[in-house]
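It should be emphasised that the depicted structure is a prediction, and the values quoted were computed from it without experimental measurement.
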Amino acid sequence: MGTRSGSRHYRQEPAGAGRGRGLVRAAAAVLASGLVAAGTLIGATAATADESDQHQGGAVAVLDGLKTYGTAQLNTGEGNKPQELPAGLFEMTVDGGGTIQTYCIDFHTPTKDGAKYLETPWDQSSLGANEDAGKVRWILQHSYPQVNDFAALADKAGTGPLDEKTAAAGTQVAIWRFSDKADVTATDANAEKLADWLEANAQNVAEPKASVGLSPAAVSGKAGEKLGPITVHTDAGQVSVAPPADAAASGVQVTDKGGKPVTEAADGADLYFSVPEDATDGSASFSVQASTSVPVGRVFAGLTKSQTMILAGSSESTVSATASATWAEKGAVPAVTAQKNCAKGGVDITASNTGDEAFTFELAGTEHTIPAGETRTVTVPVGEDKAYDFTITGPSGFSKNFKGVLDCETAGTPAPGDDVTTQTGTEPTPAQSTPGTEGDLAATGGSSATPVIAGVAIALVVLGGGAVFMLRRKKPQTSGE
């Protein structure tokens, strides 16, 4: 086990086994994101909402800031002065217990002080379309903090002496060359040599498995049936299974295929909601949880707009996933899930209907009907960096809300001559920004101009509108609204 400051223990994965830097993509960062609904401006404050519908399982963490770093220089083009920026490791506090360390993989996007992050699959982030995504993970596996014997790392990489700061800076620089296609150089000579060695030797390796997940995350059916299966996916040895909160009163249990109640499960296990035959129409949910080290290379995406991260080290941390079920005696019986679809530039809304009547709802101005016994997926277009907020309602009080930010691309760099909003200085200090505001955390992309930019963004949102769709089940069926 690798060791960081104090008594925190971070997981180390075993080590496996030309330069060619890409030019920085000359595209301006999208600044504005927001939500407009019912004529009222709503900030993208999804982090305060219940995350059960937003999260597909894994760790949920809050950004603590940039903790171990050196400096680097971003080369923005011939004739332009290089921009200095901090480069190194962030730390986050995991909900339920634990600490993780991350590097940035979208360094022109500002961090947000206290932002909440969700463990996310690669294909729902900027790594999904990046052919070098596996090389980023290789770098994480072969450098600090996974390798914290600095003498051995320096000897293998052919550098001079390394310490926490120079090793972190060199590692971050190497990552940026693949994640952001950036022409970036570590300020310290030994950190730069480390970055060069990591870049030259990086190989594409597979995406790591999720720490925990359940699929599908929603099912439906009739009372008296076992609703499922819901399959457990986990990197942990096993997970604990928490029954529905009102299980004693409702009689709803979580069982295996044979109907035996389940309190623990392993990867690949199929779970079911066992609903009593005399149960009134309703819904329930259960969760699975484990204490484990989150696999190195898992992406962490902000629930609100904040710099995308990739996991470099993890203490024993709490990870969880939730699944829900809806049942009814007759009529439409829907189950609805959502996930980002970066390949199509939107959010996939998947609705199934196990009832005996059609389920009809309106989505982005278009009516959709799910016949009895069928499942369909509709992709709602959402602009890059735009916040979205979808609510779908149905019979007997059925309601599902999905919100977040579509962040599928790196922000790129401003055009030559524009300011790169990074804090400068040979020893940058993390900014003491107010929690919940766009701060500069001595991290990439932030500046004291951010509040002004935010004000402009709000004005743009009011003029242009955000990505908001209220999805409501249509008459003649009773919607329970």
Side-chain angles (χ1 to χ4, degrees), residues 4 6-11 43-67 89-104 111-121 124-125 208-214 217 232-245 265 285-324 338-340 387 401-405 407 435-437 439 441 443:
R4 280 273 297 133
S7 59
R8 296 173 182 159
H9 297 284
Y10 293 90
R11 173 183 179 175
T45 55
T48 61
D50 179 6
E51 285 107 17
S52 61
D53 287 344
Q54 326 305 328
H55 196 203
Q56 294 163 49
V60 178
V62 174
L63 181 65
D64 291 335
L66 188 64
K67 300 296 185 180
L89 275 169
F90 292 81
E91 287 192 6
M92 297 188 195
T93 300
V94 179
D95 286 4
T99 303
I100 59 175
Q101 294 175 297
T102 61
Y103 286 107
C104 159
T111 53
K112 188 171 185 179
D113 191 4
K116 183 156 285 191
Y117 281 76
L118 307 180
E119 185 182 336
T120 302
Q124 295 182 44
S125 75
K209 196 171 187 176
S211 61
V212 68
L214 294 169
V232 177
H233 306 280
T234 183
D235 184 63
Q238 65 179 18
V239 296
S240 60
V241 181
S285 63
F286 74 83
S287 62
V288 296
Q289 181 174 297
S291 180
T292 187
S293 294
V294 181
V296 167
R298 291 295 290 172
V299 165
F300 278 75
L303 192 53
T304 53
K305 183 60 180 174
S306 188
Q307 196 173 91
T308 306
M309 304 284 183
I310 191 164
L311 189 131
S314 172
S315 69
E316 287 291 306
S317 298
T318 300
V319 298
S320 63
T322 301
S324 63
Q339 69 176 38
K340 299 175 187 177
N401 175 259
F402 306 101
K403 61 178 65 176
V405 174
D407 187 4
T437 62
L441 283 188

- Task: Enter the distance from Ser293:OG to Ile100:CD1 here, rounded to the nearest 0.5 Å.
- Result: 11.5 Å

- Counting only N and O atoms by type, is there a donor-acceptor contact under 3.5 Å from the side chain of Thr292 to the main-chain atoms of Ala290? no

- Task: Output all residues satisfying side chain to side chain donor-acceptor pair (under 3.5 Å) with Thr308, sequence neighbours left out; order by chain, then residue number.
- Result: Asp407

- Can you tell me how far the CG atom of Leu66 sits from the CZ atom of Phe90, to the nearest 0.5 Å? 4.5 Å

- Task: Please list, chain by chain and in numerical order, all residues satisfying side chain to side chain donor-acceptor pair (under 3.5 Å) with Tyr117, sequence neighbours excluded.
- Result: Ser306

- For the atom pair CE (Met92) and OG (Ser314), what is the distance rounded to the nearest 0.5 Å? 11.5 Å

- What residues, two or more places apart in sequence or in another chain, satisfy side chain to side chain donor-acceptor pair (under 3.5 Å) together with Gln339? none

- Note on the structure: Applying side chain to side chain donor-acceptor pair (under 3.5 Å) to Ser320 and not counting sequence neighbours gives none

- Does some side-chain heavy atom of Leu89 sit less than 4.5 Å from a side-chain heavy atom of Thr102? no

- Message: How close do Pro295 and Asp235 get, counting heavy atoms only, and between which atoms?
- Response: CG-OD2, 3.3 Å

- With side chains defined as the heavy atoms from C-beta onward, is the minimum distance between Thr322 and Leu214 less than 4.5 Å? no

- Item | All ring pair (Phe, Tyr, Trp, His ring centres under 6.0 Å) counterparts of Phe286, not counting sequence neighbours | Phe273

- Query: Is the shortest side-chain N to carboxylate O distance from Glu119 to Arg298 below 4.0 Å?
  - Reply: yes

- Query: Atom CG of Asp95 and atom CG of Leu118: how far apart are they, to the nearest 0.5 Å?
  - Reply: 9.0 Å

- Task: Please name all residues satisfying side-chain contact (heavy atoms from CB on, under 4.5 Å) with Thr318, sequence neighbours left out, ordered by chain then number.
- Result: Gln289

- Message: Is it the case that the side chain of Lys305 and the backbone of Lys112 share a donor-acceptor pair, with hydrogens and angles ignored and the cut-off at 3.5 Å?
- Response: no

- Which pair of heavy atoms, one from Val94 and one from Ala59, lies closest together, and at what distance? CG1-CB, 4.3 Å

